[in-house]
**Student:** 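Please find one structure pasted underneath; my questions will follow.
On a predicted model such as this, the values are computed, not experimentally measured, just so you know. Residue numbers begin at 1 in each chain, while the letters A, B, ... track the order of the sequences.
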2 protein chains.
Amino acid sequence: MANIKDIARLAGVSVTTVSRVINGHPYVRDDKKAAVLRAMEETNYERNINAVHLIKGKTNLIGVMVPSIKRPYFGLVVEGIAEEALKGNYKLVLIQTNYEEQREQEALMMLKLKQIDALIICSKISDWDIVEEYAAYGPIIAFEDARGRNVSSIFIDHYKGFMEALAYLNGKGHRKVGYCLARKSGTSSKQREAAYRDFLKSSGEPFDPDCAFYDAIHFEDGEWIVQRLMTMQDPPTALLVTSDQVAAGILACCNERELDVPSKLAIVSFDNQPIARTLNITTFEIPLTEIGRDLFRKVMTKEFFQQEIPVRLIERLTV
Amino acid sequence: MANIKDIARLAGVSVTTVSRVINGHPYVRDDKKAAVLRAMEETNYERNINAVHLIKGKTNLIGVMVPSIKRPYFGLVVEGIAEEALKGNYKLVLIQTNYEEQREQEALMMLKLKQIDALIICSKISDWDIVEEYAAYGPIIAFEDARGRNVSSIFIDHYKGFMEALAYLNGKGHRKVGYCLARKSGTSSKQREAAYRDFLKSSGEPFDPDCAFYDAIHFEDGEWIVQRLMTMQDPPTALLVTSDQVAAGILACCNERELDVPSKLAIVSFDNQPIARTLNITTFEIPLTEIGRDLFRKVMTKEFFQQEIPVRLIERLTV
DNA sequence: ACTTGACATGAAAAGCATTCCATAAATTAG
DNA sequence: CTAATTTATGGAATGCTTTTCATGTCAAGT
């Protein structure tokens, strides 16, 4: 494969001039420019991008840390990131972590190694201390509440969101509300459980551990949730679900078992994914794709930035 | 940031020796090795990965071309690719093309520029000629029927699959079968339409253009499909759907409108995504994640490889 | 005592494009 | 008509690591 030196020789100019032509810099006579272009054409020349990366110290690659890309939730976020990346001529490096700390560290390491120009954390398990440490090596933004931390973030206040949802259900007459969470240990789950307990305390209801459903992540998780629900002698009359996918699964299984929604079981979920609209699920909108776009835009400014995205209730037919 | 020269100076050895330590090569005295390690520790040294890429001529990055990552179908494939990539210490560069030729070309160009070591095409719109041209620059594998082409591929014979599905429905007594396709112009859609027409010809039924539903891609597309179905005076008694997502959407809308499945409308779909199991959708299994893993493994061998993956009928409750 | 092979180390080349700096020619301004 | 710009061009340094080649020491084998 020809390199810039070959082109220079073929065109009878210096490598500097060739570089000027390639990068559209001024001060190159038209005839020389033409000669360079011809030489590039003839040899089917492409510059060695890795040499460019080396000298420029950047790669136009943005890292995206996601636990699992098959989950529509992350698909929607990454979609937004990808859309925006395209405009800025950036490419995405996808790091699927499966919530393993070691893999997350690998992603962070890529930033230190300058293999990526910035890192977007869609969800993580590692401690903030570790993330902060790596923030010294390049811009990082997280889609997770980082208030009080020195890391940029665009986030949902899940405490608030859950509170609002609980108040809404309470207002609709529901006294016993169950909830489905994804990872028990995640930041957002902790916020949500705190809200749940606080709400219970303020309304004087007792806490029933049977009302908590963990590891509710996929559509298919609706199945065991409904199954468990039907074995309970005193089941909740409403369910707060942290993902439309799960809510959709629950709804589907309820229909199958002729457990009427919302009269027997009300469902409120989060995200407002397309499936929620189709199935008329009452949900709190979290504009995932839009957030993805924002994450990209903001991380590219390289400036510290934190912003809360408010959730918005969309009333449909499951309450 | 310290570089290898600094380390060499600090440790009182040559850069060659430092390189040996870094890469675990033999013939370094223990005391020197220790000195190098100490120097690296002290300066928090990390080698410049772009320099490594330049000299090695490879990046340990694999390109993945997908039209849209938010579609669970591609999420599942990429999941498999990512799993396997992890094992080989490769990272994925995601190129979301939205079926725009220009973006596809960008992905191919990355291969030429040696920014990626190999390219996996999950779906494409560009002509094979173009792909073949770029195959000269590095390993490419496609998840699309490339028989007769000089490009590696792991594929489904959609003609066969559709034929099998039609025969199955015919055997169940369905004489008028509709079908939902994603992109009208895609290779797989062409194969499927060919099968459909051939089947009709052999069974002597006339072709009703109203039975064809195009751009059926997402769960939510089920809505308009059912709507249209209900306006037809002579609707098909069965529907062949090329994605479980769409089938699930159709099923959900049928339930809502009390159109009984399967007695009023039978549904057969493809993929056997998790949602199909939960909703008891009769479907032809296409092991997407497993195929993702295979795509990665095979493209890494850098050898020409073509393999058909047979589909497998999974009978459930929608027929 | 002499050859051979294993062990150890470093100088320098290779991989390639960008950019700073110096120089020269051609214009424009005054 | 000189001084100051603008235009044009190339040499060399820079970014950093890996690998080849050359050289040297030391122990084992004959």
Side-chain angles (χ1 to χ4, degrees), chain A residues 1-37 39-40 43-61 89 109-117 137-138, chain B residues 1-37 39-40 43-61 89 109-117 137-138:
Chain A
M1 200 76 128
N3 62 28
I4 198 172
K5 247 177 168 168
D6 298 328
I7 304 300
R9 192 163 17 80
L10 265 132
V13 298
S14 71
V15 292
T16 311
T17 301
V18 177
S19 179
R20 286 203 183 88
V21 173
I22 293 171
N23 296 287
H25 293 170
Y27 305 145
V28 181
R29 240 167 49 205
D30 286 350
D31 57 334
K32 300 214 172 187
K33 189 171 178 174
V36 168
L37 256 19
M40 298 203 314
T43 54
N44 192 20
Y45 170 79
E46 282 301 337
R47 65 201 179 143
N48 184 319
I49 201 82
N50 291 316
V52 179
H53 291 166
L54 172 58
I55 198 148
K56 296 230 175 188
K58 58 172 287 195
T59 57
N60 272 37
L61 251 31
N89 197 29
M109 190 54 93
M110 288 181 81
L111 194 65
K112 184 171 180 185
L113 296 179
K114 298 195 179 313
Q115 195 173 7
I116 51 178
D117 295 347
Y137 302 113
Chain B
M1 197 73 133
N3 62 27
I4 198 172
K5 249 179 169 168
D6 299 326
I7 303 301
R9 193 164 16 78
L10 264 128
V13 297
S14 70
V15 292
T16 311
T17 301
V18 176
S19 179
R20 286 203 184 90
V21 173
I22 293 170
N23 296 287
H25 292 169
Y27 305 145
V28 181
R29 239 167 48 205
D30 285 351
D31 57 334
K32 299 213 172 187
K33 188 171 178 175
V36 169
L37 256 19
M40 299 205 313
T43 54
N44 193 19
Y45 170 79
E46 282 302 335
R47 63 201 179 142
N48 184 319
I49 200 83
N50 291 317
V52 179
H53 291 166
L54 171 59
I55 198 149
K56 294 228 178 192
K58 58 171 286 192
T59 57
N60 272 38
L61 250 31
N89 198 29
M109 190 53 93
M110 288 181 82
L111 195 64
K112 185 172 178 184
L113 296 179
K114 298 197 180 311
Q115 196 173 7
I116 51 178
D117 295 346
Y137 302 114

**Student:** Near DNA chain D, counting only heavy atoms under 4.0 Å, which residues of residues 4-13 of chain B show up?
**Tutor:**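 Per residue number, the list reads B:Ile4.
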**Student:** For B:Thr16, give me all partners under side-chain hydrogen bond (donor to acceptor under 3.5 Å, both in side chains), at least two apart in sequence or on another chain.
**Tutor:** none
**Student:** Might you list the N or O atoms of the protein lying below 3.5 Å from N or O atoms in nucleotides 19-23 of chain D, with each pair's distance?
**Tutor:**
unit_1: D:dT19; atom_1: O4; unit_2: B:Thr16; atom_2: OG1; d: 3.4

**Student:** Only counting residues at least two apart or in another chain, list the ones meeting side-chain hydrogen bond (donor to acceptor under 3.5 Å, both in side chains) with B:Asn44.
**Tutor:** A:Lys112, A:Tyr137
**Student:** Counting the atoms with a prime plus P, OP1 and OP2 as sugar-phosphate, which does A:Val28 contact under 4.0 Å by heavy atoms, base, sugar-phosphate, or nothing?
**Tutor:**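 The answer is sugar-phosphate, as A:Val28 gets under 4.0 Å only of primed atoms, P, OP1 or OP2.
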**Student:** Could I get the full list of salt bridge (charged side-chain N to carboxylate O under 4.0 Å, His left out) partners for B:Asp30, not counting sequence neighbours?
**Tutor:** none
**Student:** What pairs with A:Asn48 under side-chain hydrogen bond (donor to acceptor under 3.5 Å, both in side chains), at least two apart in sequence or on another chain?
**Tutor:** none
**Student:** Less than 4.0 angstrom between a side-chain N/O of A:Thr17 and OP1 or OP2 of D:dG10, yes or no?
**Tutor:**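 It does, given that an N or O in the side chain of A:Thr17 lies less than 4.0 Å from OP1 or OP2 of D:dG10.
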**Student:** Quick one: list whatever passes side-chain hydrogen bond (donor to acceptor under 3.5 Å, both in side chains) with A:Asp31, sequence neighbours left out.
**Tutor:**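 Partners of A:Asp31 under the side-chain hydrogen bond (donor to acceptor under 3.5 Å, both in side chains) test: A:Arg29.
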**Student:** Each nucleotide N or O in nucleotides 5-7 of chain D that has a protein N or O under 3.5 Å away: list the pair and distance.
**Tutor:**
unit_1: D:dT7; atom_1: OP2; unit_2: A:Tyr27; atom_2: OH; d: 2.9

**Student:** If a pair satisfies salt bridge (Lys or Arg N to Asp or Glu O under 4.0 Å) and one of its residues is in residues 8-23 of chain B, list it, with sequence neighbours excluded.
**Tutor:**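 Those involving residues 8-23 of chain B are B:Asp6-B:Arg9.
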**Student:** Taking only residues at least two apart or on different chains, which pairs with a member in residues 48-61 of chain A satisfy salt bridge (Lys or Arg N to Asp or Glu O under 4.0 Å)?
**Tutor:**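 For residues 48-61 of chain A, and leaving out neighbouring residues, there are no salt bridge (Lys or Arg N to Asp or Glu O under 4.0 Å) pairs at all.
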**Student:** Based on the rotation axes of five pairs at each end, what angle does the helix from C:dA1-D:dT30 to C:dG30-D:dC1 bend through, to 10°?
**Tutor:** 30°
**Student:** Which two nucleotides bound the region of DNA chain C that has atoms under 4.0 Å from heavy atoms of chain B, read 5' to 3'?
**Tutor:**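 The contact span of chain B on DNA chain C goes from C:dC7 to C:dC16.
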